[in-house]
Amino acid sequence: MFKLAITLLATSLLLSPAFAQEHKGGEQHNNFKPSRPPARGPAPAKPQAHGEPMKAPERGGHPAVPHVDGNKWVGHDTGRNDPRFHVDHPWEHGHFTAGFGPQHVWHLGGGGPSRFWFNGFYFSVAEPDLALVSGWNWSTDEVVIYEDPDHDGYYLAYNPRLGTYAHVTFLGNQ
């Protein structure tokens, strides 16, 4: 009976939408096509009642994680008062000033979510966004950095290969 229950559970997980996509090298293959890096970062969000993160795609086939659809930043909508992105000492390691937007595409040079780098600049993914970067390749992916208009101390790192983004903090130079 126990083996049957485990088999049924494993089968249901494999058939669920979250696992039904084909994965190759951390890249999701479905009918969502990542857009080019957007021309600019998101506009300030309108305040939400509870600061709830996005829980479902805005339309079928799109990832249920923050992503960019054309120039629309999907999922960046919890507003300035989201306690998950509160930093006691914003900009503790200074401001990133090497360039924002699609004219500055950076190639990741190594590390992982807690500390990654490119061109001598170091960043860390915000704890609430750790699951969002599970498919990132920390030694070969490209990222584009945008200023976050809502969360002091954070930037948004957009991954053009996946079309997704995450909140990151700047850890400084070398």
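What you are looking at is a predicted structure, and each value in this text was computed from that prediction instead of being measured.
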Give, for atom CH2 of W73 and atom OH of Y158, the distance between the pair rounded to the nearest 0.5 Å. 8.0 Å
Taking side-chain hydrogen bond (donor to acceptor under 3.5 Å, both in side chains) as the definition, give me every residue that meets it alongside S139, ordered by chain and number, with sequence neighbours left out. N137
Verify same cluster id: L162, L108 (apolar side-chain graph, 4.5 Å): yes
Going by the side-chain contact (heavy atoms from CB on, under 4.5 Å) test, name the single residue among F121, F96, F170 that passes it with I145. F96
Pairs touching residues 119-131 that satisfy side chain to side chain donor-acceptor pair (under 3.5 Å), sequence neighbours left out: D129-H167
Sequence neighbours excluded, every pair satisfying side chain to side chain donor-acceptor pair (under 3.5 Å) that has a member inside residues 85-100: H86-D88
Would you say F100 ends up clustered with Y154 if hydrophobic residues are merged whenever their side chains have heavy atoms under 4.5 Å apart, either directly or through other cluster members? no
Rounded at 0.5 Å granularity, tell me how far NE2 in H104 sits from CD in E142. 14.0 Å
What are the two closest heavy atoms between V68 and P38, and how far apart are they? CG1-CG, 3.7 Å
Is there a donor-acceptor pair under 3.5 Å between the side chain of D150 and the backbone N or O of A45? yes
Indicate the atoms forming the closest heavy-atom contact of P160 with V144, along with that distance. CG-CG2, 4.4 Å
Checking ring pair (Phe, Tyr, Trp, His ring centres under 6.0 Å) between F123 and each of W138, F118, W117, W136, which is the one that passes? F118
According to the salt bridge (Lys or Arg N to Asp or Glu O under 4.0 Å) rule, which pairs have a member within residues 99-119, sequence neighbours left out? none
Taking side-chain contact (heavy atoms from CB on, under 4.5 Å) as the definition, give me every residue that meets it alongside A131, ordered by chain and number, with sequence neighbours left out. none
Output for pair (N159 CG, Y165 OH), nearest 0.5 Å, gives 13.5 Å
Single-linkage hydrophobic cluster V143~V168, side-chain heavy atoms < 4.5 angstrom: yes
Reported CG-to-NE2 distance for the pair L132 and H67, which is rounded to 0.5 angstrom: 12.0 Å
Shortest non-hydrogen contact from V87 toward P90: O-CD, 3.4 Å
Sequence neighbours excluded, the answer for salt bridge (charged side-chain N to carboxylate O under 4.0 Å, His left out) partners of D148 is none
Nearest 0.5 Å, please: how far is CZ in R36 from CG in N71? 10.5 Å
Starting at NE2 of H151, measure out to OG1 of T169 and round the result to the nearest 0.5 Å. 13.5 Å
Work out which heavy atom in G135 is nearest to a heavy atom in D141; give both atom names and the distance. O-OD2, 4.4 Å
